[in-house]
Amino acid sequence: MKKAIVLIVFALLGVITANAQCNNFTKKKCIPSLAPYIHNGQLNSTSLAVGETAELDLTFYAGQEYRILVCGQEIFKDVKFKLKDRNDKELFNSEGKSEKFWDFKINSTQQLKLEVTTVGDDQNKTGLAEAGCVSVLVGFKK
């Protein structure tokens, strides 16, 4: 029983440490790239392995100008993202684009789905899958 509790504590500490590292990466490397847009205050970051996909639902309000920025650590060759409406219609795809952000104005308040996929070498020199932080930031203009 004591071993199980110790393992759980170490697992939780690992998750907390990983989240803190991702938050620090986001604050130092990603938020400055939102300018001249104002960060909405939400830190959406996670650790992903190479080749993984994550989805995030985001709400956007009518008449507002937005910037979506996807920022990944250097271990990834690329981080691709797609923005889709509730009917799964693709509104934007970063495939083949050098910018890691998209600026747009929304006409009606709606919830959109952002799909992020990491790209890189499947395995590093140790033979283990690599993982790193990926952040999604939303900025708006006043």
Side-chain angles (χ1 to χ4, degrees), residues 1-62 64-141:
M1 179 70 168
K2 288 182 182 179
K3 287 182 182 179
I5 292 172
V6 170
L7 289 175
I8 291 171
V9 168
F10 279 116
L12 288 174
L13 288 175
V15 169
I16 291 168
T17 302
N19 282 340
Q21 289 175 350
C22 278
N23 285 344
N24 286 337
F25 166 75
T26 302
K27 290 175 185 175
K28 290 180 182 177
K29 300 286 185 178
C30 305
I31 290 177
S33 298
L34 271 176
Y37 290 77
I38 300 165
H39 182 234
N40 72 354
Q42 293 182 344
L43 294 179
N44 300 304
S45 60
T46 190
S47 181
L48 292 177
V50 170
E52 274 191 307
T53 298
E55 290 182 358
L56 179 64
D57 290 326
L58 299 166
T59 303
F60 298 93
Y61 298 97
Q64 192 69 258
E65 289 184 57
Y66 288 100
R67 171 174 284 179
I68 293 178
L69 172 72
V70 177
C71 184
Q73 285 185 310
E74 294 79 24
I75 70 156
F76 303 116
K77 288 182 181 177
D78 195 11
V79 180
K80 300 176 186 175
F81 66 99
K82 297 176 186 177
L83 191 65
K84 299 178 180 181
D85 68 11
R86 72 182 113 181
N87 298 319
D88 242 10
K89 178 184 174 193
E90 196 172 282
L91 305 174
F92 179 79
N93 188 336
S94 71
E95 181 90 35
K97 296 179 176 51
S98 59
E99 297 88 14
K100 294 301 159 202
F101 63 87
W102 185 49
D103 299 340
F104 63 100
K105 185 173 182 175
I106 196 107
N107 294 325
S108 62
T109 298
Q110 56 188 300
Q111 192 164 10
L112 302 175
K113 179 172 51 174
L114 186 73
E115 188 178 287
V116 178
T117 304
T118 59
V119 179
D121 296 325
D122 290 334
Q123 296 182 336
N124 62 17
K125 294 174 187 171
T126 65
L128 301 173
E130 289 188 296
C133 292
V134 175
S135 300
V136 174
L137 299 174
V138 177
F140 61 93
K141 281 192 174 180

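It should be emphasised that the depicted structure is a prediction, and the values quoted were computed from it without experimental measurement.
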CD-OG distance between Gln42 and Ser135, expressed to the nearest 0.5 angstrom: 13.0 Å
Disulfide (SG to SG under 2.5 Å) contacts in which one or both residues fall within residues 75-106, not counting sequence neighbours: none
Check: Lys89 main-chain N/O paired with Asn87 side-chain donor or acceptor under 3.5 Å: no
Expected output: side-chain Thr118 to main-chain Gly51 donor-acceptor under 3.5 Å: yes
Rounded distance (nearest 0.5 Å) linking atom CG of Asn44 with atom CG of Asp57: 11.0 Å
Partner set under side-chain contact (heavy atoms from CB on, under 4.5 Å) for Glu115, not counting sequence neighbours: Thr53, Glu55, Lys82, Lys84
Qualifying salt bridge (Lys or Arg N to Asp or Glu O under 4.0 Å) pairs with a residue from residues 30-41, counting only residues at least two apart or across chains: none
Donor-acceptor contact present, side-chain Arg67 to main-chain Ala35, <3.5 Å: yes
For Asp78, all residues meeting side chain to side chain donor-acceptor pair (under 3.5 Å), sequence neighbours excluded: Lys100
From CZ (Phe76) to CG (Leu48), nearest 0.5 Å: 6.0 Å
Note, Ser45 side chain near Asn23 side chain (heavy atom, < 4.5 Å): yes
What side-chain donor-acceptor pairs closer than 3.5 Å can you find for residues 27-34, not counting sequence neighbours?
none

Ring pair (Phe, Tyr, Trp, His ring centres under 6.0 Å) partners for Phe140, two or more places apart: none
Heavy-atom check, side chain of Val116 versus side chain of Thr46, under 4.5 Å: no
Results of side chain to side chain donor-acceptor pair (under 3.5 Å) for Ser94 - residues two or more places apart only: none
Lys97, NZ: over 12 other non-hydrogen atoms inside 6.0 angstrom: yes
Under 3.5 Å donor-acceptor, Thr117 side chain and Lys80 backbone: no
Under the side chain to side chain donor-acceptor pair (under 3.5 Å) test, residues paired with Asn93 that sit two or more places apart: Glu90
Ile68 side chain near Leu137 side chain, heavy-atom distance below 4.5 Å: no
Under the side chain to side chain donor-acceptor pair (under 3.5 Å) test, residues paired with Lys113 that sit two or more places apart: Asp88
Residue pairs passing the ring-ring contact (aromatic ring centres under 6.0 Å, His included) test where at least one lies in residues 22-53, sequence neighbours excluded: none
With sequence neighbours excluded, residues passing side-chain contact (heavy atoms from CB on, under 4.5 Å) with Ile106: Phe60, Tyr66, Phe104, Gln110, Leu112
